[in-house]
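This report concerns only the one structure given below.
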Amino acid sequence: MSENRRVRVRFAPSPTGPLHMGGVRTALYNYLFAKKHGGDFILRIEDTDQDRFVPGAEEYIIEALKWCGIEPNEGVGFGDGPCAPYKQSERKDAGVYAQYAKQLIDSGNAYYAFDTKEELDEQRARYEKMGKTFSYNAVTRQELKNSLALSEDEVKRRIDAGETYVVRAKMPRNEEVRFHDLIRGWVVVNSSQLDDKVLFKSDGMPTYHLANIVDDYTMKITHVIRGEEWLPSAPLHVLLYRFLGWEDVMPQFSHLPLLLRPDGNGKLSKRDGDRLGFPVFPLTGELLDIKSGKPEKFTGYRESGYFPEAFINMLALLGWHSSGNQELFSKEELINEFSLERVSKSGAKFDAEKTKWFNQQYLRMKADSELASLLVKEFPQVGSKDNAYLTEVCRLMKEKVNFVREIYEQGTYFFEDPTVYDDGVVKKRWNEESKKFIAAVKDAFASAGDWNAAELEKTFKGTAEATGTNPGSVMQLFRVCVSGAGGGPVLFEMVALLGKETIIRRLEAALNNIK
RNA sequence: GGCCCGUUCGUCUAGGGGUUAGGACAGCAGAUUUUCAUUCUGUAAACAGGGGUUCGAUUCCCCUACGGGCUACCA
């Protein structure tokens, strides 16, 4: 690892479906790390698997990163930089990988293999019958059809005859491979445990293993921050850097803990969201599902009403923690505080409830006027009210809700007269006596001079006193009469905002309609 | 099965050889708002188990258990 290199990290998803929140977190940590060190954050698309290519997935990834505010400063969809192209299929067409495969073969670290997929499947089945696991490695490769076992002439004949082949890495028989993971410390694996991974497929495409090493090297990547699922193949990658003579510029590795499902165990998957009722993806959309081969809809945080800041904040805390007790971080604070050393090693179960809490916190931090314009955007029908009214609605409601849309959903009565009245409250409080009181309050309000919260409260209490009613016993009922709902914002501020005409009209309606 | 990684309240986590093991979400209880879905206060809740090392271990080491990941011409 050479010193003083400009920090360069990459997020390298494959376009096989919608980017899920675990992927977003990986991107986020890469972004934070890059910004913290004044480096570059690159988006590279790993589309070496032609069979699993999903149209639209790449666009989805780009849009998701944009919405989250974690934009790469280099790469697909964000302006090409000095290392273009950033898509592996295009890099393959430019001949980026073939030369290195050749180099590996020439140096004796890789070889041609002619075994077909079917033949290998047979081997696997045979081994399984014996209770063993087949592995293409130092002990089996001599028995298989490859340039190590076959004669030179035979190999040449097969290639000249146009037979398809793959290139496999030749793993050393018995060698300690070690690397220092920034999150996990030293990881040591013996090469005897590694199999001869395919580096180049018979369709002419490199596999992930070759492509990511070549790309990270040519793109001058200094730190590889990726999911834990890559940990087992990291020793192979280390070996490839060594074989290619790039050990001195090998990136530092960091393997992130997985995001686990909230119930039971296992990593968070697509289905968990539908089953448990929370989004697993940043954006709502519909893409081809690899497994079923059919288009599939999925729900996103954006469409569910989450603020990107809240989403990011929640994600940042799922696996990382600052040294103090702070939980709410602006993006700038996250950048300042972030460090890989403080990323935890164990998987984190996702908690949908806490995610809502984060959104609530961010909602409260927003200005009432901003909430008002967000409200109009989501519910154009409220646009008929003037801005001051909407802003006041938001001021009153923001303490009660988690999402902008709930301002409308729970405060529909700010825009329409109620048609149904809270059943429980009506049953408990609606009787001849309270009815008389409501009628009296209506009359008192009708002749009210100053229409403001303090005056209205005074009038309300005065009426209660005059009719010998305990105010506490009728306040909620009164609220139900004017709003239909048993709960809501501070009562008399709400009444003041609704206005005299509306209140009188609604009280009359209540008197007529509630039985 | 093999290999690798992990294990502090229900959840996210702080801490770290001697602490009342801290915070947050969720829970519960009170208060207040003469209504409430807000707010405040309080409360319950954890170092997986067993061996070492040590004066002392939750913290370091080993084993076991449990969980997860990987084990494709997928990434």
Side-chain angles (χ1 to χ4, degrees), chain A residues 12-16 46-49 51-52 88 113 115-117 120-121 124 128 131-136 164-168 181 183-184 187-190 192-195 197-203 205-209 211-212 226-235 255 257-258 260 262 264-267 290 314 317-328 342 344-358 360 364 396-402 406 410 422 425 429 457 461 464 470-480 485-491:
Chain A
S14 60
T16 53
E46 312 228 327
D47 58 347
T48 53
D49 188 348
D51 297 334
R52 301 205 313 157
Q88 290 184 331
D115 319 84
T116 64
K117 190 135 178 35
L120 293 174
D121 285 342
R124 273 187 273 271
E128 199 171 332
K132 291 196 231 166
T133 308
F134 172 72
S135 175
Y136 209 120
T164 60
Y165 59 84
V166 301
V167 175
R168 283 182 183 273
D181 187 289
I183 295 171
R184 289 154 205 284
V187 177
V188 187
V189 177
N190 191 289
S192 62
Q193 303 298 331
L194 272 23
D195 65 340
K197 280 271 181 287
V198 171
L199 263 20
F200 237 96
K201 300 185 264 187
S202 56
D203 65 0
M205 279 294 213
T207 60
Y208 170 84
H209 301 296
N212 103 85
R226 75 226 302 191
E228 190 184 346
E229 67 269 27
W230 294 111
L231 199 48
S233 54
H255 290 93
L258 263 14
L260 272 21
N265 301 303
K267 64 175 170 175
I290 289 284
M314 176 277 293
L317 272 287
L318 223 48
W320 170 86
H321 202 279
S322 76
S323 52
N325 281 332
Q326 189 178 350
E327 304 230 60
L328 263 14
R342 295 200 62 87
S344 50
K345 300 176 179 70
S346 48
K349 281 188 186 172
F350 169 69
D351 182 356
E353 282 308 309
K354 190 146 186 184
T355 308
K356 284 183 194 158
W357 176 80
F358 273 109
Q360 180 190 44
R364 286 177 189 190
L396 292 175
M397 291 298 289
K398 75 194 287 193
E399 299 296 316
K400 305 271 172 187
V401 300
N402 294 331
E406 291 176 341
Q410 291 177 29
D422 187 297
V425 177
R429 302 287 193 191
E457 184 166 1
K461 285 178 181 166
N470 170 22
S473 71
V474 285
M475 276 183 91
Q476 198 180 8
L477 183 66
F478 172 72
R479 176 191 287 281
V480 169
V490 194
L491 183 52

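As the structure is a computational prediction, the values presented were derived from the model and not from experiment. A note on names: the letters A, B, ... follow the listed sequences, proteins ahead of strands, and every chain is numbered from 1.
- The pair A:Glu457-A:Lys461 meets the salt-bridge criterion, with a side-chain N (NZ, NE, NH1 or NH2) lying under 4.0 Å from an Asp/Glu carboxylate O.
- Proximity note for A:Lys354 (side chain, C-beta onward) versus B:C4, B:U35, B:A24: the nearest is B:A24.
- The distance from atom NZ of A:Lys461 to atom C1' of B:U35 is 11 Å, rounded to the nearest whole Å.
- A:Asp115 and A:Tyr165 are not linked by any side-chain donor-acceptor pair at a separation below 3.5 angstrom, with hydrogens and angles left out of the test.
- Rounded to a whole angstrom, the distance from the C1' atom of B:C47 to that of B:C60 is 15 Å.
- Atom NZ of A:Lys132 and atom C1' of B:C3 are 17 Å apart (whole Å).
- Spacing between atom CD of A:Gln193 and atom P of B:C5 amounts to 12 Å, rounded to whole angstrom units.
- Of the P atoms belonging to B:A31 and B:G18, the separation is 41 Å, rounded to the nearest Å.
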Exercise. Go along nucleotides 36-42 of chain B 5' to 3' and tag each nucleotide: B for a protein heavy atom under 4.0 Å from its base, S when only backbone or sugar atoms are that close, - otherwise.
Key: BBSS---
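- Rounded to an integer number of Å, the gap from CH2 of A:Trp320 to C1' of B:A24 is 14 Å.
- The nearest whole Å value for the distance from the NZ atom in A:Lys345 to the C1' atom in B:C4 is 15 Å.
- Between A:Asp49 and A:Arg52 there is a salt bridge, since at least one side-chain N of the basic residue sits less than 4.0 Å from a carboxylate O of the acidic one.
- Nucleotides B:U7 and B:U54, compared at atom C1', are 24 Å apart to the nearest Å.
- One can place CG of A:Asp351 at 14 Å from P of B:G10, the figure rounded to the nearest angstrom.
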Practice problem: Summarise how protein sits on nucleotides 68-75 of chain B as a single string, 5' to 3': B when a protein heavy atom is under 4.0 Å from the base, S for sugar-phosphate-only contact, - for no contact. | Solution: SBS--BBB
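- Between the CD atom of A:Gln326 and the P atom of B:G23 there is a distance of 17 Å, rounded to whole Å.
- When the P atom is used for both B:G42 and B:G23, the distance is 10 Å, rounded to whole Å.
- Not counting sequence neighbours, the partners of A:Arg226 by the side-chain contact (heavy atoms from CB on, under 4.5 Å) test are A:Tyr208, A:Asn212, A:Val224, A:Trp230, A:Ala234, A:His237, A:Phe253, A:His255.
- Between B:G2, B:G23, B:U34, one nucleotide has an atom nearer to the side chain of A:His321 than all others, and that is B:G23.
- Using C1' as the reference atom, B:C25 and B:G69 are 28 Å apart when rounded to the nearest Å.
- Counting heavy atoms of neighbouring residues, nucleotides and ligands inside a 6.0 Å radius, atom CD of A:Gln326 exceeds 12 of them.
- To the nearest whole angstrom, the two P atoms, one in B:G2 and one in B:C73, are 22 Å apart.
- Separating the P atom of B:C62 from that of B:U53 is a span of 15 Å, rounded to the nearest Å.
- One atom, CH2 of A:Trp357, and another, P of B:G27, lie 14 Å apart when rounded to the nearest Å.
- Base pairing analysis places B:U54 opposite nothing; no Watson-Crick or G-U wobble pair with both distances below 3.5 Å involves it.
- Checking each of A:Glu406, A:Gln360, A:Arg364 against A:Val401 for a side chain to side chain contact (heavy atoms under 4.5 Å, CB included) leaves exactly one that passes, namely A:Glu406.
- Using the Watson-Crick or G-U wobble rule with both distances under 3.5 Å, B:C47 pairs with nothing in any strand shown.
- Distance noted for atom P between B:C9 and B:G49: 10 Å (whole Å).
- Checking B:G42 for Watson-Crick or G-U wobble geometry (two distances, each under 3.5 Å) identifies B:C28 as its partner.
- Nucleotide B:U7 forms a pair with B:A65, judged by Watson-Crick or G-U wobble geometry with both contacts under 3.5 Å.
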